[in-house]
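Each chain gets a letter, A, B and so on, in the order its sequence line appears, and its residues count up from 1.
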Amino acid sequence: MDLFDLGLVFATLRLAAPLAAAAMGELLAERSGVLNIGIEGMMLCGALAAFAIGTATGSPVLASLAGSLTGVAAAALFAVFVLWRRADPIVTGTALNLFALGATGSAYRLLYPPEVPLSDAPAVADWLPGLNPFVVGTALLVVGVGAFLSYTRAGLAVRAAGERAEAAHSQGVRVAAARWGCTLAGGACAGLAGAMLVLWISNTFVEGMTSGRGFVALALVLFGGYRPGRIVLGALLFGAANALQFRLQALGLEIPYALLLMTPYLLTLLVLALFAGRVRAPSDLARPFIARE
Amino acid sequence: MRRAELVAPVAAILAALALSALLLLLLGANPVDALGALVKGAFGDRLALENTLVRMAPLLLIGAGISIAFRCGVWNIGGEGQLYAGALVATWVATRLLPGAEAVLLVPLVLLAGAAAGALWGGIAAGLRVGRGVSEVLSTILLNFIAVLGVAWAVHGPLQELSGAYPQSDTFPAAARLPMLPGSLRVHAGVLLAMVLPVAIWILLFRSAAGLRLRAVGLSPEASRYAGIYPLRETVRVLLISGGLAGLAGAVEVSGVTGRLFENLSPGYGFTGIAVALLARLHPLGVLPAALLFAALASGSGAMQRIAGVPAVTVQVIEAFVIFFSVGFALPRRNG
C-alpha cells in the first residue's frame, strides 16, 4: 500500500462529511445566537438511534431519519434549559454531553446484552467509487444552509437574532422562534452526522464513539469564520489529516498508537490558536434574550 | 448559608432523582430496588463507607477548583485532563525520578509534582486564551483528550512497568504512598487534605482581596476593569489554581488509591467535579456535601449494577440531571 492514492481521497471524504454536517448544525445555532457545546452529545444520541433502527429495520433511510430526529430530541432538551430557563449554555452543553454518554451507554447495554449476538447496522453503499449518498447529502446540506442564511428572509432574521437580538425584536423578528428553530435544526444535523458514523464508517455502535468530533466541529466553525464554504474546506483538511493518520497506522510505522490518536486534537488546538483570535463571532452569541414589551 | 440557598440544591437533587426513577422504570428496572442497592453499596458496611470517602477526595479537590474558576467566569471543563496530567507526572517522580527517596520527602514531592503538572495543563489553556484569544471551553476540552492519550502513551512506553507485562506503571515504592489514616483500611491521608483545601479556597475567595478580584471579574469584567483589575490576569490565576487542584487530585489517586498509573484511571472525576461545584452553587464549602453525594453515587453504582442489573453508566445520567436542574432552576438566571 502506498501512502497516497485514490483510496486516501475517498477516506478523506468519509472522515470529513460527518464533521461538515455537524459543523453546519453548530453554524445554524451560533448564527441565531445560541452557543451549542452539546453537539458532541447530540451526535452520540443520533448514532445510537441510527444503530438501533438500522439493525431493527435494515433500512438505512429510516436509520438516518431516526438519527436526525433523536438529534432534534437531544437539542430540545438543551434548548429547554438554555432558551426557556436561560441557563448557561456552556454548563448546559457540558451536562448534555455527559447525559448523552450515560444515556446511550446504559441504553446500549440494556438493549444489547452481551449474550445476544450483535448484527451489523445496514451499510450505506457508494453509488460510484467515492460517491456515497452521504457525501451528496452533506454537500446539499452545506449549500442549503449557506443559501438559507445568505439569501432568504428567514436566514436574515436568524442572523439578526444572533447579531442584535434587541434590534431584531423591535423590527418584528421573532428572536425566540429563530433560536429554537436553529437549535433544533442544528440537532438534526448533528444527529445525521452521528448516523453517518454508524451507517457509513464503522457499521456498529461503540460507547463514546463520537470521540470528540462534535468539539472538532465547533472548532471548524471558528476556523471557517462562520462561512459554510470555508468550514467545509476545514473539514476536508481534517479529514485528510485523519485519513493520513490511519494510513500511517496501517503501514505499521514505529509511531506509538496513542500519539497518532492524539493528532486530531492537537491539530484542532493548533487551528484554534492560529485562527480563533481573528474571528468575529455573532455579537449576541450566548446572550439570553428577554422580549420587553 | 441561608435557608433559601439550601432549598434550591435539594430541589435539584429531588427532581433529578424523580426523573432518574422514571428512567429506571423505562429501562425496565425497579427504581426502589436500584436506588436501595445504590445506597447499600455506598454506605452499607464499613468497606463501602471507606470506599465512598476515598472517592470523595478527587471530587472535593476538583469541585473546589471549578467553583473558583466558574465564579471568575472562567469555564474550565478540563478537570479530567488536568487530573491525568497530575497523575502522569506524579507517577514519573515516584517510579522514575526519585524512587529511592525517603517518605517525608517523596510524598510531598509527588503531590507537588502532580499539582504543578495540573497547573501547567490549565496554564496551556490560559496561555492560549491570553495570547491567541482561544476560548478556554474548547481548549480545555481538547486538552482532556490529549492528556488521557498522553497517559495511554506513557503506560505503553516510557513509564511502563519494567517487566513490560501490562500497560501500567511500576507500583509506587512504599515511601511514595500516602499513609492510611489510623484505624482505616482504605482511607488515606489525602482524603483529609482534600477536606481541608476547600476551606482554604473559601478563605481565599471570600476573605481575601485576591478573592474579591476574582469574583468581581466573574460578576462584570467591564466594571472590574474600571476598578483597576486585569480580567485576563485573573483568568490565568484561576486556571492555574483549578488546574493545580485537579492535578493534585490525580497525584492523590495514584499515591493514595491505586499505587500505579494505568489507562482509565479516573471514572470521569473531572466531569463529575463540575456537577459537584454546580450543586454546591459554586461555594467551596458547599462542595463538601455535594462531593459526598456524588461519591456515594459512584461507589454505589457497582452494587446497583450487580444487584439490580442497572448499568453503572446510568449514574452519569443522574449526574447530568443534577447539573440540568441546578443550572436551570437553582442557580440565579442570567439576564440579557
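- In this structure, chain A has heavy atoms under 4.5 Å from both the backbone and the side chain of B:Val134.
- In this structure, B:Ile77 and A:Ile90 have side chains that are in contact, with non-hydrogen atoms separated by less than 4.5 Å.
- With chain B as partner, the option from A:Leu98, A:Thr92, A:Leu218, A:Val279 having the largest number of non-hydrogen pairs under 4.5 angstrom is A:Leu98.
- In A:Arg164, the CZ atom is not crowded: 12 or fewer heavy atoms of neighbouring residues, nucleotides or ligands sit closer than 6.0 Å.
- Looking at B:Leu128, only its side chain comes within 4.5 Å of chain A, counting heavy atoms on both sides.
- If you measure heavy-atom distances from A:Thr94 to chain B, the contacts under 4.5 Å come from the side chain alone.
- Using the six-membered ring where Trp is involved, A:Phe99 and B:Phe321 have ring planes that are tilted, between 30° and 60° apart.
- We find the CG-CG distance between A:Leu266 and B:Leu142 to be 9.0 Å, quoted to the nearest 0.5 Å.
- The minimum heavy-atom distance between A:Arg109 and B:Val313, with the atom names listed, is NH2-CG1, 4.1 Å.
- The shortest distance between side-chain heavy atoms of B:Trp153 and A:Tyr257 does not fall below 4.5 Å.
- Atom-to-atom distance recorded for A:Leu269:CG and B:Ile124:CD1 is 8.0 Å, nearest 0.5 angstrom.
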Practice prompt. Apply the test side-chain contact (heavy atoms from CB on, under 4.5 Å) to residues A:Arg85 and B:Val327: give CA-CA distance (whole Å), side-chain angles for both, the deciding distance (0.1 Å), then the verdict.
Written response: CA-CA 8 Å; A:Arg85 297 300 307 170; B:Val327 292; over 6 Å; no

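- Residue contact with chain B, scored on non-hydrogen atoms closer than 4.5 Å, involves the side chain of A:Phe81 exclusively.
- Here B:Pro311 is the residue among B:Pro311, B:Gly133, B:Ser135 with the most heavy-atom pairs under 4.5 Å with chain A.
- Counting heavy-atom neighbours within 6.0 Å of A:Arg174 CZ, excluding the residue itself, gives a total of 12 or less.
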Item to complete: Report the C-alpha distance between A:Asp88 and B:Trp75 in whole Å, list the side-chain angles of each, state the deciding distance to 0.1 Å, and finish with yes or no for side-chain contact (heavy atoms from CB on, under 4.5 Å).
Response: CA-CA 11 Å; A:Asp88 187 90; B:Trp75 304 107; 3.4 Å; yes

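- Side-chain contact check for B:Leu149 versus A:Leu259: every heavy-atom pair is 4.5 Å or farther apart.
- Once rounded to the nearest 0.5 Å, the distance linking OG1 of A:Thr268 with CD1 of B:Ile141 reads 11.5 Å.
- Counting only heavy atoms from C-beta outward, the side chains of A:Leu77 and B:Phe324 approach each other to under 4.5 Å.
- For chain B, the nearby parts of A:Leu96 are the backbone and the side chain; heavy atoms of each come within less than 4.5 Å.
- Neither the backbone nor the side chain of B:Leu23 comes within less than 4.5 Å of any heavy atom of chain A.
- Contacts of B:Ile274 with chain A are made by side-chain atoms alone, with heavy-atom separations under 4.5 Å and no backbone atom involved.
- Ranked by heavy-atom pairs shorter than 4.5 Å toward chain B, the options A:Ala258, A:Gly277, A:Ser106 are led by A:Ser106.
- When each of B:His156, B:Gln316, B:Arg129, B:Glu319 is checked for heavy-atom pairs under 4.5 Å with chain A, B:Gln316 comes out on top.
- In this structure, the side chains of A:Ile37 and B:Val137 come closer than 4.5 Å at one or more pairs of heavy atoms.
- Put simply, the side chain of B:Phe70 reaches to within 4.5 Å of the side chain of A:Val91, judged on heavy atoms.
- You'll find the side chain of B:Ser139 stays beyond 4.5 Å of the side chain of A:Leu272, heavy atoms only.
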